[in-house]
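Lettering follows sequence order; numbering is per chain, from 1. All values reported here derive from a predicted model rather than from experimental measurement. These numbers come from the heavy atoms of this one structure, side chains and all, not from hydrogens, waters or symmetry mates.
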There are 2 protein chains.
Amino acid sequence: MTAPSLPLAEFVVGVDNVIFSVDTDQNRLLVLLVQRQQVPFAGYWSLPGTLVRQGESLEAAAYRTLAEKIRVSNLYLEQLYTFGEPARDPRETTYGKRYLSVSYFALVRFADAELIAGGECPVQWFALSTCPELAFDHNKILAYGHRRLCNKLEYSPVAFDVLPEYFTLNDLYQFYSTVLGANFSDYSNFRSRLLKLGILQDTHQKVIRGAGRPATLYRFDREAFAPLKDKPLVFV
Amino acid sequence: MTAPSLPLAEFVVGVDNVIFSVDTDQNRLLVLLVQRQQVPFAGYWSLPGTLVRQGESLEAAAYRTLAEKIRVSNLYLEQLYTFGEPARDPRETTYGKRYLSVSYFALVRFADAELIAGGECPVQWFALSTCPELAFDHNKILAYGHRRLCNKLEYSPVAFDVLPEYFTLNDLYQFYSTVLGANFSDYSNFRSRLLKLGILQDTHQKVIRGAGRPATLYRFDREAFAPLKDKPLVFV
DNA sequence: ACAAAAGTGTTCCAGGTACACCCATGG
DNA sequence: CCATGGGTGTACCTGGAACACTTTTGT
């Protein structure tokens, strides 16, 4: 960055989070939204976001926003994209400063995700399929996040950050199906592919859920996975 | 982004470009650097960057920076990552504002890239292998860009944005070899894979370069590629 | 004739797809 | 004993890896 020769833009920098979760029981892909209480877009639902504070990194701001809305111990988070075109926020006209949003993408474990009520604004999971029109350019950000989620799932083990520690292969399959849509793969082929990777520990424990043969519980073997890191893995 | 409860960080927003090019003749992967004339880091080489102006989008700022250093008609450009931790720029202490850098990644055609001399600071291509220690956190940004370049090449047709319109299969092979390192694939396998994709038009023209059998000139068939867009293609 | 570069073909094997089929449990 | 879900096995095919071989040029 060198010296300017024309008036520089002044910026307000915030962080917006696309927080996904997967409800495997109901086969729903969920996104966390908050309902705005102030203008602009009062009453609209939007992605949870915040402005960045002094001494706070962008990622820390993302974690803070998340922690304000939801109590969760297991999650995956990474930076998504930065949106900063002129006029993406109507407040730009009011205050004469551009609103830049660094968006983050998160995937959280649904089972232990506890929404924090009693905050300033209502917080709620929405099925992605029934997601309303959002404030600002948040639909665009959400779409971007959804694409990233699908890609991440296919070539990285984020699913295991978010599944319970012990899970059946069917749990895993349901998880992938819910996110990627059905027909992403045959179940038995999915099984053998995953098992062949050698990153699942067989606990030899069985679990019975309703009728049918008991299912084996597996856990993700981080040590076995470590050497495969950065390798082009396929989980599809 | 909601109302704050603690002092907000103030930001200066800039754009930094990781501009790559491939010199297929000498088999070198190049990155464009400029030598800083002012403090901090006076004398150090750095990525070409600029501060964002009023009414200018981030991408426009990236294009402007590029255009100030280099005249080029064929290129590929996309956003890379946003760096905004506290203290990433020493000027933060001086001016009390945080320096946020939205980095962009570009790949330009080497043949018609003409460096613009006579600007404020020296501009020069560096072979990636002989790249010096850079100003700020630019080595980190560069490393990030290099990873992106390798990934992009493998599953998207950026190479064709940057090769001459008519090229031989060997040109294409050299290009990939230079970026991904030798041994990325056998030449004859590379040939058949690319031809089988059906996205290369045989012009039936031959070109003779020194000894050896004349090579067929191909061109990228954008129409044939269109339906394959967004599909998981492999160019490796 | 020989080297150099372009281009073709062949063999082998890993891994994906699409199924059919067997196993263990509840009702 | 049958429905339900878990789990195994197989036959087929595609596509990559390695490498031998042929073709067309310059010297």
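In summary, of the residues considered (B:Phe167, B:Tyr218, B:Phe190), a ring pair (Phe, Tyr, Trp, His ring centres under 6.0 Å) with B:Tyr173 occurs for B:Phe190 alone.
With respect to A:Arg209 and A:Asp171, a salt bridge is recorded, a charged nitrogen being found less than 4.0 Å from a carboxylate O. Salt bridge B:Arg222/B:Asp161: present, at least one basic N to carboxylate O contact under 4.0 Å.
Rounded to an integer number of Å, the gap from CZ of B:Arg193 to C1' of C:dG7 is 16 Å. Rounded to an integer number of Å, the gap from A:Leu197 CG to C:dG16 C1' is 13 Å. With rounding to whole Å, B:Leu194 atom CG is found 14 Å from D:dG15 atom P. When the P atom of D:dT23 is taken as reference, atom CD1 of B:Ile208 falls 19 Å away, rounded to whole Å.
Side-chain contact check for B:Asn170 and B:Thr168: no donor-acceptor pair (N or O, by modelled atom type) lies under 3.5 Å. Side-chain N/O atoms of B:Tyr76 and B:Glu78 include a donor and acceptor closer than 3.5 Å.
Considering only residues two or more places apart in sequence or on other chains, B:Glu165 meets the side chain to side chain donor-acceptor pair (under 3.5 Å) condition with B:Arg219.
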> What string of B, S and - do you get for nucleotides 3-13 of chain D 5' to 3' if you count protein non-hydrogen atoms under 4.0 Å?
Replying inline: -BBBSBB----
